[in-house]
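Quick notes on the structure that follows.
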Amino acid sequence: MKKRFCFAPLFGFALLCVAMVLSGCGKDALHKAVKDAFIKGDTTEQTYQAICQIVTQNAEKYSDYVDANGGINAEALQKMINEVGQNLRPPMQWNILKYGDQSLSLSIYFERSGSMVPYDQASGGGQLKKAVNDLINFFPTGHQAAINIVNSDIYPYQGTVDSFLQDRDIYASTKGVGNASYTDFKVIFDKIFQAQRPGNVAVLVTDLIYSPKNTSGVSVEKILNEENSLATSIFTRYKGKSIIVNQLHGDFDGQYYPYNGKPFAYKGLRPFYVIIIADASTIDRMAGDPQFNNFLHLAGTVNSYRFNQAHTTLDAKLIPVWRNNAGRCRESRDEKGLITHCENDRETGQFAFSMAVNFNGLQKEDAFLSNPANFNVQSQNGFTLKVEKIVPADVNGNNKAYLEGMTHVLTFTGKFNTAKDEIIVNLRNDFPTWIAQTSSRDDSAASVPGFASSTFGLEQFLRGIYDAFAASQSNYTTLNIRLEK
């Protein structure tokens with residue numbers, strides 16, 4: 001009797017194994033890129049930057065390698081790379097952490113549209129050119145900056161950094177570059193993002209007026225809605241980025257081109273904008289480094305706002321003796337954020353206590369931080385909040401240990417009539433009021449109210465950016481304080 005062999009199950013099992021191997025190799029672009037780098041011997045910084053780009057462009061998929069600010073978690077990525085390398089024969093290693101401490105790079109994108117030329121006339125104060133020069137001079141590696149001219153597209157500047165700095169008529173020197181009749185923000189922002197590598201800081205200098213081609217006969221409302229949707233669609237794809245919008249004023253002398261109307265001559269102040277774009281972790285790094293102070297706090301800035309700022313954890317201490325305190329309380333030694341033995345003042349029935357906090361990590365102006373209206377305070381007993389900036393005269397022998405290293409004092413006042421309470425304080429990240437106040441829907445004439453200080457469509461474009469990040473930035477910081485009698 002002949003033996004029969006059943007090949008079908010074995011053949012099917014073999015196919016399944018092949019399929020598993022193939023799917024394992026092809027399903028993960030990140031692991032494949034790392035493995036290819038090892039096999040090809042191309043473990044260079046350029047390859048590392050390409051790998052980082054895979055992570056940042058697919059942040060949700062590779063969330064294990066993204067930090068809280070949307071940047072690269074180098075330690076986690078290093079661990080994964082080592083695991084891939086150890087599975088090769090022979091085992092291989094690649095130290096990527098050495099790239100983290102390298103100098104940041106600067107890229108300037110200078111708008112050359114018809115509406116920008118009047119900002120750099122001999123009759124004016126040259127505020128716009130000074131702002132750009134300051135950006136280069138105050139950046140540690142600014143002498144190596146890459147300079148680009150933008151309008152219908154992005155074009156490399158043909159001169160050197162020194163020739164750009166010394167040029168007294170930059171618009172005359174760049175005449176004929178691109179199509180100055182319109183500015184394509186979609187192309188510009190997409191290309192800026194795509195060109196960025198880890199550690200790159202991009203700066204767009206622009207009047208931020210949305211002026212695409214072929215808008216004849218299009219209503220103002222339609223063009224503003226289009227502008228809003230465009231901004232959201234662009235920035236939604238780059239969740240790991242932070243964008244700082246600085247508004248400055250400069251002398252304008254020349255033809256102004258309104259959205260709906262005939263060009264007219266105007267001489268006077270007009271807003272322009274310096275937009276800083278980088279990985280959120282890069283801007284956090286710059287904010288903590290004094291050598292970038294003048295770069296991030298550019299002279300002449302009237303208003304500023306950072307989009308996509310990570311939630312900051314506050315350092316807070318109870319101040320036993322402070323001018324606004326009333327009643328008694330004691331900070332728990334065992335549990336952080338717990339205040340015990342709370343008693344109302346016997347004469348007034350009020351209970352008030354003060355916390356010293358360090359707001360430095362928030363990168364906000366004191367006018368914003370000292371305004372209680374920017375805080376949302378929730379508690380069972382209805383505590384109110386007072387915010388005071390700490391000045392040298394406030395520090396004495398009794399409170400020095402509590403105020404050192406702190407920037408502000410938060411005082412909570414109310415009547416503590418329950419056995420326990422929890423005060424939740426949120427510093428809200430609301431859409432800035434200055435943007436709406438300096439935005440215009442009508443720029444048809446210099447006589448329009450607010451023309452000298454407003455920008456057509458500003459609110460719609462920046463609202464679009466805000467909406468792209470809003471889900472992750474509702475509050476800058478949260479402070480939880482528990483009270484017990």
Check this for me: [X], atom [atom1], are more than 12 non-hydrogen atoms of other residues, nucleotides or ligands nearer than 6.0 Å?
X: Q378; atom1: CD; result: yes
X: Q255; atom1: CD; result: yes
X: K389; atom1: NZ; result: yes
X: Q291; atom1: CD; result: yes
X: F185; atom1: CZ; result: yes

Looking just at side-chain N and O atoms, do [X] and [Y] make a donor-acceptor pair shorter than 3.5 Å?
X: N87; Y: E83; value: no
X: S105; Y: N200; value: yes
X: D253; Y: Q121; value: no
X: D162; Y: H143; value: no
X: S242; Y: Q309; value: no
X: D251; Y: Q127; value: yes
X: N360; Y: T407; value: no

Subject >> D153/D184 under side chain to side chain contact (heavy atoms under 4.5 Å, CB included): CA gap, chis, key distance, verdict >> reply: CA-CA 7 Å; D153 208 325; D184 195 327; over 6 Å; no
[X] versus [Y], closest heavy-atom pair with distance:
X: Y157; Y: S163; value: OH-OG, 3.1 Å
X: F38; Y: T43; value: CD2-CG2, 4.2 Å
X: T44; Y: W94; value: O-CZ2, 3.5 Å
X: L77; Y: C52; value: CD2-SG, 4.4 Å
X: S115; Y: F252; value: O-CE1, 3.3 Å
X: A468; Y: T232; value: CB-O, 3.9 Å

Within the 4.5 Å heavy-atom criterion, are [X] and [Y] side-chain neighbours or not?
X: V448; Y: D443; answer: no
X: L106; Y: V203; answer: yes
X: I96; Y: I81; answer: yes

Lys NZ or Arg CZ of [X] over [Y] ring: under 6.0 Å, within 45°:
X: K129; Y: F164; answer: yes
X: R270; Y: F451; answer: yes
X: K364; Y: Y476; answer: yes
X: R428; Y: F375; answer: no

[atom1]/[X] to [atom2]/[Y] distance, rounded to the nearest 0.5 angstrom?
X: L410; Y: M406; atom1: CG; atom2: CE; value: 10.5 Å
X: L30; Y: N58; atom1: CG; atom2: CG; value: 9.0 Å
X: L369; Y: H408; atom1: CG; atom2: NE2; value: 5.0 Å
X: Q144; Y: S107; atom1: CD; atom2: OG; value: 11.5 Å
X: N303; Y: E365; atom1: CG; atom2: CD; value: 8.0 Å
X: I154; Y: I149; atom1: CD1; atom2: CD1; value: 11.0 Å

**OP:** Kindly determine whether L104 and F292 satisfy side chain to side chain contact (heavy atoms under 4.5 Å, CB included), including the steps that lead there.
**Re:** CA-CA 11 Å; L104 303 182; F292 291 100; 3.9 Å; yes
Subject >> Steps toward salt bridge (Lys or Arg N to Asp or Glu O under 4.0 Å) verdict (D289, R285) >> reply: CA-CA 7 Å; D289 189 337; R285 169 184 165 185; 5.7 Å; no
Original post:
Applying the side-chain contact (heavy atoms from CB on, under 4.5 Å) test to L427, which of L479, L362, T312, T478 qualifies?
Top reply: L362
Original post:
Knowing that exactly one of F461, Y210, Y259 qualifies, which makes a ring-ring contact (aromatic ring centres under 6.0 Å, His included) with F456?
Top reply: Y259
Original post:
Name the one of Y266, F272, Y273 that satisfies ring-ring contact (aromatic ring centres under 6.0 Å, His included) with Y119?
Top reply: F272
Original post:
Given the rule in the side chain to side chain donor-acceptor pair (under 3.5 Å) test, do N429 and S474 qualify, once you have shown the distances and angles that lead to the verdict?
Top reply: CA-CA 5 Å; N429 184 6; S474 58; over 6 Å; no
Original post:
Can you check side chain to side chain donor-acceptor pair (under 3.5 Å) on E111 and S113, steps first, answer last?
Top reply: CA-CA 6 Å; E111 183 182 351; S113 63; 2.8 Å; yes
Subject >> Residue pair S440, D442: steps toward the side chain to side chain donor-acceptor pair (under 3.5 Å) verdict >> reply: CA-CA 5 Å; S440 169; D442 181 6; 6.0 Å; no
salt_bridge([X], [Y]) N-O dist < 4.0 Å:
X: D36; Y: K32; result: yes
X: D190; Y: R237; result: yes
X: D284; Y: R306; result: yes
X: R441; Y: E221; result: yes

Subject >> Residue pair Y305, F431: steps toward the ring pair (Phe, Tyr, Trp, His ring centres under 6.0 Å) verdict >> reply: CA-CA 9 Å; Y305 178 73; F431 188 69; 7.3 Å; no
Subject >> Test log, rule ring pair (Phe, Tyr, Trp, His ring centres under 6.0 Å), inputs F359 and F368 >> reply: CA-CA 11 Å; F359 280 151; F368 176 84; 9.3 Å; no
Subject >> Backbone of Y257 reached by a side-chain donor or acceptor of K262 within 3.5 Å >> reply: no
Original post:
So, the side chain of D167 versus the backbone of D169: is there a donor-acceptor pair under 3.5 Å, distance only?
Top reply: yes
**OP:** Report the C-alpha separation of F235 and F189 in whole Å, then their side-chain angles, then the decisive distance to 0.1 Å, and conclude whether the ring pair (Phe, Tyr, Trp, His ring centres under 6.0 Å) test is met.
**Re:** CA-CA 9 Å; F235 289 89; F189 279 108; 5.2 Å; yes
**OP:** For side chain to side chain contact (heavy atoms under 4.5 Å, CB included), just list the numbers for E459 and N228, CA-CA rounded to whole Å, side-chain angles, deciding distance to a tenth of an Å, and then say yes or no.
**Re:** CA-CA 8 Å; E459 180 178 5; N228 176 265; over 6 Å; no
Subject >> Candidate pair D42 and Y48, rule side chain to side chain donor-acceptor pair (under 3.5 Å), full reasoning >> reply: CA-CA 9 Å; D42 188 18; Y48 166 71; over 6 Å; no
Subject >> Chi angles and distances behind the side chain to side chain contact (heavy atoms under 4.5 Å, CB included) call for F469, T236 >> reply: CA-CA 7 Å; F469 297 114; T236 297; over 6 Å; no
